[in-house]
Amino acid sequence: MKRICVLGSTGSIGVQGLKVIYENKDRFKVSVLTCNKNIHLLREQIILHKPEAVVVADEEGGRALRKEFPGLEVLISIEGLIEAVSSAHDMILNGIVGIAGLLPTYYGLKNKNSVALANKEALVTGGHIIMELSQKTGASIIPVDSEHSAIFQCLEGNKQTYVKRLILTASGGPFLGKSLKELSKVTVKEALNHPKWSMGRKITIDSATLMNKGLEIIEARWLFNQDYKNIDVVIHKESIVHSMVEFIDGSILGQMGKPDMRVPISYALSYPERLASFEDGPDFLKEGSSLSFSQPDYDTFKCLDLARQAGEMGGSYPVALNGANEVLVHRFLKGEIPFLGIQEGVERALSNHKGVRNPKLEEILKIDEEVRNSI
Ligand code: NDP
Ligand code: MG
């Protein structure tokens, strides 16, 4: 029986992770559940999954839950989150959104817990620290992001020296094919209407700007220890091929499946085994009978190259990119700035940033805060 600590259990990844855990009750058990503010859903999850402890980042919500469940350990705030990931679990599923996922990843690995990592912002901002820590403690990181899960699966049994390049696929989001002029008028509702994936609000907007794919380039650089020049992006609007690896002999391996996050979550939780699934894979004779691949429109969707540039400049540049993006996406969702204001603001933040090489954890958090305050 694997005891799983589910961080961000009330979010899109968390809820799907709990489905996988519940459907495999003979293998998995929840040790801890965590949320930010949504104690309404957390309450239902406590009753169904009977965790040993929960963490609520929001203090008020945490105190309310303590009164409601006097027999349950209810930890509060970031200190509570660090305490929870520091105790022993067989695996931590990190489905927290944003840089808030960095410290729990760090302390989880530091205490030798393996991490099934959906939270890409931890690697974007602190990849150099996180990967080194995983190596040092021997606690593994298994990617949950569908592209990285695909690459992880394609790399199984192959030597690092056999790899020529990684090919990340991108659906293109809801605005594929649109011009800058058309993008200047798009609404929040349109941006939240992703054609293929159902996800949390922040990553859905990141998918519409293509920042998500940019963040994934940086995520891939750290997870698979590849140079940026060996990481390519192709638009694949059917979202069936989740990513590919080209090897030195000219072979390309790809991993395919329906766009359903339960598949990579299930793989990460059960690795190195595979679990029998609730659904079949894609039927090529019915749907997706043609698979298309094309070049991203870099001139229109500027976030893709901005992220690559930040990654290549290294040091604290990805921290600045990420912090600016988080603030600007939030503002767009609140209707305060137009859609194109996101890429314009990120570009400005990057050009104003004075980079620090090899930032330590405390420096990353400080730079993140400074960038947020300057936007
Ligand atoms: P959601 O917004 O749906 O969920 C985020 C979760 O994190 C919620 O449980 C939320 O709690 C919690 N949370 C938010 N802020 C904090 C905080 N400051 N401290 C502690 N907990 C917090 O996000 P997603 O599930 O869509 O995404 C999670 C991560 O996984 C992201 O990094 C995303 O890029 C990545 N990812 C997601 C995919 C998807 O299909 N959704 C696919 C691939 C990667 P509350 O509900 O209380 O607000
Ligand atoms: Mg992805």
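In each ligand, atom 1 is the first atom listed, and ligand 1 is the first ligand listed. Residues: numbered from 1 along the sequence shown.
Here the heavy atom of the protein found nearest to atom 48 (O) of ligand 1 is Asn36 CB, 3.7 Å. Distance from atom 26 (O) of ligand 1 to its nearest protein heavy atom, with residue and atom name: Gly200 N, 2.8 Å. Protein heavy atom nearest atom 32 (O) of ligand 1, with residue, atom name and distance: Glu121 OE1, 2.7 Å. Atom 27 (O) of ligand 1 has its closest protein heavy atom at Ile13 CG1, 4.2 Å. What sits closest to atom 35 (C) of ligand 1 on the protein, heavy atoms only, is Ala118 O, 3.2 Å. Of all protein heavy atoms, the one closest to atom 34 (O) of ligand 1 is Lys120 CE, 3.1 Å.
Ligand 1 has no N or O atom lying under 3.5 Å from any N or O atom of Gly98, backbone or side chain. The N/O atoms of Gln16, backbone and side chain alike, include none that comes under 3.5 Å of an N/O atom in ligand 1. For a threshold of 3.5 Å applied to N or O pairs, the pair formed by Thr10 and ligand 1 contains at least one separation below that value. Between Gly11 and ligand 1, at least one pair of N/O atoms sits closer than 3.5 Å. In terms of polar-atom proximity, Asp145 is not counted as a contact of ligand 1, lacking any N or O under 3.5 Å from an N or O of the ligand. Not one N or O of Asn212 is nearer than 3.5 Å to an N or O of ligand 1, by distance alone. At least one N or O atom of Gly8 sits closer than 3.5 Å to an N or O atom of ligand 1. Residue-to-ligand polar distances keep Ser146 apart from ligand 1: every N/O pair is separated by 3.5 Å or more.
Looking at Ala100 against ligand 1, only its side chain comes within 4.0 Å, counting heavy atoms. Contact annotation for Lys202 and ligand 1: no heavy atom of the residue comes within less than 4.0 Å of the ligand. Within the 4.0 Å heavy-atom criterion, the part of Met261 lying near ligand 1 is the side chain and not the backbone.
A salt bridge is defined here as a Lys NZ or Arg NE, NH1 or NH2 lying under 4.0 Å from an Asp or Glu carboxylate O, and Glu147 with Lys120 fails to meet this definition. Ion pairing between Glu347 and Lys302 fails under the 4.0 Å rule for side-chain N and carboxylate O. The residues Lys366 and Glu370 are annotated as salt-bridged, a charged nitrogen and a carboxylate oxygen being separated by less than 4.0 angstrom. Between Lys334 and Glu336 there is a salt bridge, since a side-chain N of the basic residue sits under 4.0 Å from a carboxylate O of the acidic one. At a threshold of 4.0 Å, the pair Arg63-Glu59 counts as salt-bridged, since one of the basic side-chain nitrogens sits closer than that to a carboxylate oxygen.
Looking at Ile39, Leu93, Ile203, it is Ile203 that brings a heavy atom closest to atom 36 (N) of ligand 1. Closest to atom 3 (O) of ligand 1 by heavy atom, among Pro264, Ser9, Gly14, Ser12, is Ser12.
Atom OD1 is the N, O or S atom of Asp145 at the shortest distance from the Mg ion (ligand 2). Of all the N, O or S atoms in Glu216, the one closest to the Mg ion (ligand 2) is OE2. Checked against the Mg ion (ligand 2), the N, O or S atom of Glu147 at the shortest distance is OE1.
In this structure, Gly95 has a heavy atom closer than 4.0 Å to ligand 1. Heavy atoms of Lys37 approach ligand 1 to within less than 4.0 angstrom.
Counting only heavy atoms from C-beta outward, the side chains of Gln16 and Ser12 approach each other to under 4.5 Å.
Side-chain polar atoms of Glu273 and Ser270 form no donor-acceptor pair below 3.5 angstrom.
At distances below 3.5 Å, not a single donor-acceptor pair connects side-chain atoms of Ser171 with backbone N or O atoms of Lys237.
Seen from the ring of Tyr22, Lys25 counts as a face-on cation partner, given the 6.0 Å and 45° thresholds.
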